[in-house]
Engineer: 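Before we start, here is the structure in question, set down as structure tokens.
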Amino acid sequence: MTSPSAADPPRTPFSTWSGFAAMCLGMFMAILDIQVVATSLPNIQAALLIAPDRMSWIQTAYLIAEVIAIPLTGWLTRVLGMRGLFVIAVSVFTVASIGCATSNGFAVLVAWRTVQGFAGGTLIPAVFAAVFLLFPARGQALATTIAGVIAVLAPTLGPVVGGWITETYSWHWLFLINVVPGLIAALLGAGMLPAERIDIDHVRTLDGPSLLMMALALAALEIALKEAPSRGWTSPWVLGLLLLCAATGVSFVRRTVRRQRPVVDLRALADRDFAIGCWLSFVLGMGLYGSVYLMPVFLGFVRNHGPLAIGEIMLVTGVMQLLTAPLAVALERRVDARWLTAAGFVLFGLGLGLSAFQTWESDFDDMFWPQVIRGGAIMFCLLPPTRLALGHLPPARVPDASGLFNLMRNLGGAIGLALIDTAIYGRAAGHAQHLLSRLSAGDVGAASFIGVPVEALAGRAPGPIDAASEALLRPLIERAGFVAAVNDAWAMLAIITAAGLLVLPFAKRRPPGT
């Protein structure tokens with residue numbers, strides 16, 4: 001495979017676009033799978049008689065395997081070639097999906113989810129690496145946009161697809177829907193992607209200790225982030241996991257930078273624009289995955305909507321992504337990437353901030369414009385930073401760099417979700433108590449936010465609420481406290497997104513489209 005240059009043909013061959021489409025289909029399956037399974041965890045729990053405290057491992061097993069596989073994509077690409085890696089990964093993902101669907105117990109399902117997560121984890125960075133390995137510069141903007149739309153559309157469509165399957169068929173079909181697309185993607189990729197020589201030398205020189213340390217560091221971090229909101233960030237278990245992550249992570253970096261053939265090439269992080277792109281990817285991950293998480297939490301717990309209704313409301317974001325994608329491609333070819341990125345993050349932060357004023361009555365109408373703004377901004381938060389990070393690197397370094405770039409988005413999402421859960425479940429009770437105090441003082445605004453008719457305060461002297469009345473009002477007060485904590489989480493995401501802008505002045509100016 002040759003790198004893009006002036007000698008490239010005037011038009012990218014149909015076979016290249018077909019192979020790339022197959023890779024995008026595989027990535028879509030991997031990302032969608034996380035969301036559709038999340039909607040039906042209670043159904044799976046009931047069917048397989050899984051204890052409630054173990055249910056989350058159905059998702060955690062997938063995510064840990066995925067986050068370990070993502071940075072390994074560069075090494076696997078060097079060993080198997082892009083075509084070999086994709087065909088094997090999408091085939092294993094398909095087989096693992098069948099294994100999940102036929103599981104008859106918790107242990108078997110978790111084992112197959114681990115295999116599925118590892119295979120799916122390689123599909124995401126492989127697609128973004130393919131953009132810069134398969135296409136000349138003039139075709140990279142369109143290819144990046146297609147990959148970006150699919151990467152961010154899958155989480156939006158997930159609740160709709162998962163909700164519909166849950167309400168129409170059995171939980172087995174959450175996994176069986178991957179079989180036909182998986183077969184198509186594998187056959188199309190095998191026939192259309194360029195063939196490359198398998199480099200056995202990289203297998204012989206595999207640095208096993210580095211691989212083990214990386215896996216331990218990432219797995220410990222993922223589990224710590226999962227457990228911290230419920231156990232506490234200072235609990236011995238969480239602190240022990242974070243210490244293990246730090247120790248193995250530092251050892252991995254020190255060993256890796258000295259290796260001639262490392263498992264993960266970290267040298268790309270010395271490139272300023274790549275490092276800036278990784279930071280932007282990290283921040284986007286927090287906002288993107290955080291918003292996709294917060295909306296179902298609010299709509300499910302506060303508005304009592306089912307999975308399908310939640311998915312239908314969240315479709316607004318996906319529709320806006322599709323509508324703005326052509327505009328993003330056109331502007332990316334003409335406008336400095338730094339300005340497009342700044343505009344994208346400002347709008348995305350604004351969309352997050354507008355959601356920080358919800359009440360218990362907020363529903364589709366109140367969520368419409370924040371979703372429109374966020375959906376319209378996402379492509380400008382993804383396309384220019386991707387080019388900023390990867391577009392100027394030599395082809396040989398792109399696979400490793402793509403793995404690191406996509407890993408940062410996933411880590412951002414994992415840390416963002418942990419911070420969101422900490423904010424919600426750590427502040428909800430305090431907000432509820434504060435609202436009760438305001439209600440006792442006759443605060444009309446507090447009564448409206450809680451959902452108590454203002455007329456109920458008429459003629460009542462300020463003072464403590466009697467026990468019987470408080471017992472009746474307690475569900476409304478707790479709901480209002482939960483809403484206030486969710487609003488805090490939205491505001492936190494908006495502030496973090498704004499922090500992404502701080503690095504842009506340090507990025508190099510590059511001609512548009514290069």
Side-chain angles (χ1 to χ4, degrees), residues 1-5 7-33 66 69-70 72-99 101 115-151 153-154 175-200 202-203 390 395-396 398-400 402-403 406:
M1 179 170 49
T2 59
S3 61
S5 67
D8 286 317
R11 292 186 178 180
T12 304
F14 174 77
S15 60
T16 300
W17 281 110
S18 299
F20 183 69
M23 297 184 73
C24 288
L25 176 59
M27 179 180 70
F28 181 81
M29 292 163 49
I31 300 175
L32 184 72
D33 187 85
E66 181 187 55
I70 287 174
L72 279 178
T73 304
W75 181 81
L76 291 170
T77 301
R78 290 193 295 273
V79 173
L80 301 172
M82 184 170 59
R83 183 176 74 173
L85 172 60
F86 172 73
V87 173
I88 292 174
V90 77
S91 299
V92 170
F93 184 87
T94 304
V95 171
S97 297
I98 297 174
V115 175
Q116 195 184 33
F118 190 89
T122 64
L123 296 173
I124 302 169
V127 169
F128 284 94
V131 169
F132 301 97
L133 296 176
L134 292 178
F135 299 97
R138 58 184 168 273
Q140 290 171 5
L142 178 58
T144 305
T145 302
I146 293 172
V149 166
I150 291 172
L153 189 60
F175 303 105
L176 293 177
I177 59 171
N178 295 325
V179 175
V180 173
L183 291 173
I184 293 173
L187 293 173
L188 199 59
M192 297 298 181
L193 289 173
E196 298 171 284
R197 183 180 65 87
I198 296 178
D199 190 349
I200 300 298
H202 280 287
V203 178
L390 304 176
V398 168
D400 276 296
S402 179
N406 285 277

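Quantities reported herein were computed from a predicted structural model and do not represent experimental measurements.
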Engineer: Just how far is it from atom OG1 of T94 to atom CG of L176, taken to the nearest 0.5 Å?
Structural biologist: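 If we round to the nearest 0.5 Å, T94:OG1 and L176:CG are 11.5 Å apart.
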
Engineer: Can you see which heavy atom on A96 is nearest to which on V115, and at what distance?
Structural biologist: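 For A96 versus V115, the nearest heavy atoms are CB-CG1, 4.0 Å.
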
Engineer: Rounded to the nearest 0.5 Å, how far does CD1 of I31 lie from CD1 of I124?
Structural biologist: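 Reported to 0.5 Å precision, the distance equals 4.5 Å.
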
Engineer: Would you indicate whether the side-chain heavy atoms of F128 and V398 approach each other to under 4.5 Å?
Structural biologist: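 V398 does not reach F128 side chain to side chain.
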
Engineer: Determine the minimum heavy-atom distance between L133 and P395, stating which atoms define it.
Structural biologist: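 What the structure gives for the nearest pair is CD2-O, 3.4 Å.
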
Engineer: With rounding to the nearest 0.5 angstrom, report the OG to CG distance, S18 to L193.
Structural biologist: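 So the gap between those two atoms works out to 9.5 Å.
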
Engineer: Could you give all pairs that pass the side chain to side chain donor-acceptor pair (under 3.5 Å) test and reach residues 121-133, with sequence neighbours left out?
Structural biologist: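 Qualifying pairs: none.
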
Engineer: What pairs with S402 under side-chain hydrogen bond (donor to acceptor under 3.5 Å, both in side chains), at least two apart in sequence or on another chain?
Structural biologist: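 So S402 forms a side-chain hydrogen bond (donor to acceptor under 3.5 Å, both in side chains) with N406.
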
Engineer: Got a sec, which residues hit side chain to side chain contact (heavy atoms under 4.5 Å, CB included) with L188, two or more places apart in sequence or on another chain?
Structural biologist: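 Checked L188 against side chain to side chain contact (heavy atoms under 4.5 Å, CB included); matches are A22, M192.
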
Engineer: Does T16 have any side chain to side chain contact (heavy atoms under 4.5 Å, CB included) partners at least two apart in sequence or in another chain, and if so, which?
Structural biologist: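 For T16, the residues satisfying side chain to side chain contact (heavy atoms under 4.5 Å, CB included) (neighbours in sequence not counted) are T12, P13, L134, F135.
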
Engineer: Ignoring hydrogens, what is the shortest heavy-atom contact between P125 and T73? Give both atom names and the distance.
Structural biologist: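 Answer, listing the atom of P125 first, then T73: CG-OG1, 3.1 Å.
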
Engineer: Quick one: are L142 and W17 in side-chain contact, heavy atoms under 4.5 Å?
Structural biologist: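 They are in side-chain contact.
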
Engineer: Which heavy atom of M27 sits nearest a heavy atom of A151, and at what distance?
Structural biologist: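 That closest heavy-atom pairing would be CE-N, 3.9 Å.
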
Engineer: Who passes side-chain hydrogen bond (donor to acceptor under 3.5 Å, both in side chains) against S97, sequence neighbours left out?
Structural biologist: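 If we apply the side-chain hydrogen bond (donor to acceptor under 3.5 Å, both in side chains) test to S97, skipping adjacent residues, the hits are Q116, N178.
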
Engineer: Is any side-chain heavy atom of F118 closer than 4.5 Å to a side-chain heavy atom of V92?
Structural biologist: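 The answer is no, as the side chains (C-beta and beyond) never meet within the 4.5 Å cut-off.
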
Engineer: Nearest 0.5 Å, what's the CD1-CG distance between I150 and L25?
Structural biologist: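 Those atoms lie 8.0 Å apart.
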
Engineer: Which pair of non-hydrogen atoms, one from V90 and one from G26, has the smallest distance, and what is that distance?
Structural biologist: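 Heavy-atom minimum between the residues: CG2-CA, 4.3 Å.
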
Engineer: Rounded to the nearest 0.5 Å, what separation is found between the CG atom of L32 and the CD1 atom of I177?
Structural biologist: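 Reported value, rounded in 0.5 Å steps: 5.5 Å.
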
Engineer: Taking the side chain as everything from C-beta on, heavy atoms only, tell me whether L123 gets closer than 4.5 Å to M29.
Structural biologist: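 They are not in contact (no side-chain heavy atoms under 4.5 Å apart), so the answer is no.
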
Engineer: Counting only pairs under 3.5 Å, give me each side-chain donor-acceptor contact of residues 81-88, with atom names and distances, residues two or more places apart or in other chains.
Structural biologist:
| unit_1 | atom_1 | unit_2 | atom_2 | d |
| --- | --- | --- | --- | --- |
| R83 | NH1 | A190 | O | 3.1 |

Engineer: Identify the heavy atoms of C24 and I146 that sit nearest to each other, and give their distance.
Structural biologist: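 In terms of heavy atoms, the two residues are closest at SG-CG2, 4.2 Å.
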
